[in-house]
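As a basis for the values below, the full set of heavy atoms in this structure was taken, side chains included, without hydrogen atoms, waters or symmetry mates. As the structure lists them, so they are numbered: ligands from 1, and atoms in each ligand from 1. None of these values were measured; they are calculated from a predicted model.
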Amino acid sequence: MTKSVAIVTGAAGDIGRAIASRLADDHDVILLVDIDVAAAEKAARMLGPVERFVAVGCDVTDERSVAEMARSAAALGAVKTLVNNAGAARAVSLQTTTPDDWRADNALNLEAPFLCFSAVADMLKATRGSVVNISSVNGMSVFGHPAYSAAKAGLLHFTKLVAVEYGKFGIRSNAIAPGTVRTQAWEARAAANPNVFEEARRWYPLQRVADPVDVANAVGFLASAQASAISGVCLPVDCGLTAGQAELARTFSQSADY
Ligand SMILES: NC(=O)c1ccc[n+]([C@@H]2O[C@H](COP(=O)([O-])OP(=O)(O)OC[C@H]3O[C@@H](n4cnc5c(N)ncnc54)[C@H](O)[C@@H]3O)[C@@H](O)[C@H]2O)c1
């Protein structure tokens, strides 16, 4: 029997590791892809046996590195799922964004998902598999980090491009837009402001931020047969943020009900 394989990029990070763990529920082998190979190997060891969790070093912004990663995936079995999760933001405001920052944020958050998808598209055709792109609420509204946000907005459109062009091959393409998720990506901001999550919480209707497992569960659903009629959508995992803000509703309506 050919083994089913899921590829998770940025799998050494907190969200990526949680996604890898969740996808192991219905995939035989998970390929943990990360530029930090030692961290990917550590994540794989934490998750389980080497036959099921395989780490590979890859810079997803580099076409040749991505081609090698795709070959490693093919050697493991039949690729059923690609999760484009690797992502990060460099520039915090437009006024401080250099051309290099703009290009780097776009290379990692928009071009890399294109490179990874292109490298495994034929394998996904063979399995009628799916891609899940980890975008952000930053791709839907302005919350800072402009180059990253423009790239994440582009990633939402890329999700639809794949859904429409590859739907005839049975490939589904969906995105997830997390709001704030407590991960290592917040370390510098939490060091600068220990109250950063408390301050963020008040803008969320559920009055909390998300955990990596919340994102992983949404990926697990979108990649599963339960979502077999769902393609081209963006599922926010944002504790209600993009639905609206209670504080603003209270001001606008002058009702204490919000
Ligand atoms: N944490 C949040 O609040 C939040 C919110 C919205 C969206 N997201 C998105 O979720 C995804 C995961 O975020 P996270 O918080 O777990 O980040 P993280 O920093 O914890 O993990 C990101 C991982 O990507 C890897 N990576 C970076 N550049 C790479 C490259 N060129 N090639 C391969 N791997 C590379 C890093 O080594 C790291 O292990 C990202 O796409 C991020 O934009 C996160």
Heteroatom proximity flag, N85 to ligand 1, N/O under 3.5 Å
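Yes; at least one N/O pair falls below 3.5 Å.
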Please confirm whether G16 comes within less than 3.5 Å of ligand 1 when only nitrogen or oxygen atoms on both sides are compared.
no
Decide yes or no for V219 and I134: does some side-chain heavy atom of the first lie under 4.5 Å from some side-chain heavy atom of the second?
yes
Sub-4.0 Å atoms of ligand 1 with respect to non-hydrogen atoms of [X]:
{"X": "G13", "value": "20 (O), 21 (O), 39 (O)"}
{"X": "D59", "value": "30 (C), 31 (N), 32 (N)"}
{"X": "D14", "value": "16 (O), 20 (O)"}
{"X": "S135", "value": "7 (C)"}
{"X": "S136", "value": "6 (C), 7 (C)"}
{"X": "T180", "value": "3 (O)"}

Please work out which of G57, C58, G10 has its closest non-hydrogen atom nearest to atom 33 (C) of ligand 1.
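When every heavy atom of G57, C58, G10 is considered, C58 comes closest to atom 33 (C) of ligand 1.
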Applying a 4.0 Å heavy-atom criterion (strictly less than), which segment of V209 is in contact with ligand 1: side chain, backbone, both, or neither?
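Under 4.0 Å from ligand 1, V209 contributes no heavy atoms.
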Using a 4.0 Å heavy-atom cut-off, which part of R182 comes near ligand 1: side chain, backbone, both, or neither?
neither
According to the interplanar angle, ranging from 0 to 90°, do the rings of W186 and F197 count as parallel (below 30°), tilted (30 to 60°) or perpendicular (above 60°)?
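Geometry flag for F197 against W186: tilted rings.
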Please report which non-hydrogen protein atom sits nearest to atom 15 (O) of ligand 1, along with the residue it belongs to and the distance in Å to one decimal place.
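The closest one turns out to be T183 OG1, 2.6 Å.
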So that I can tick it off, tell me whether D214 and R208 are bridged by a salt bridge, with the cut-off set at under 4.0 angstrom between side-chain N and carboxylate O.
yes
Can D101 and R90 be counted as an ion pair, charged N to O under 4.0 angstrom?
yes
Hey, would you say the F117 and Y166 ring centroids sit under 6.0 Å apart?
yes
Under a plain distance cut-off of 3.5 Å, with no hydrogens placed, do E111 and N106 share a side-chain donor-acceptor pair?
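Absent: no donor and acceptor within the cut-off.
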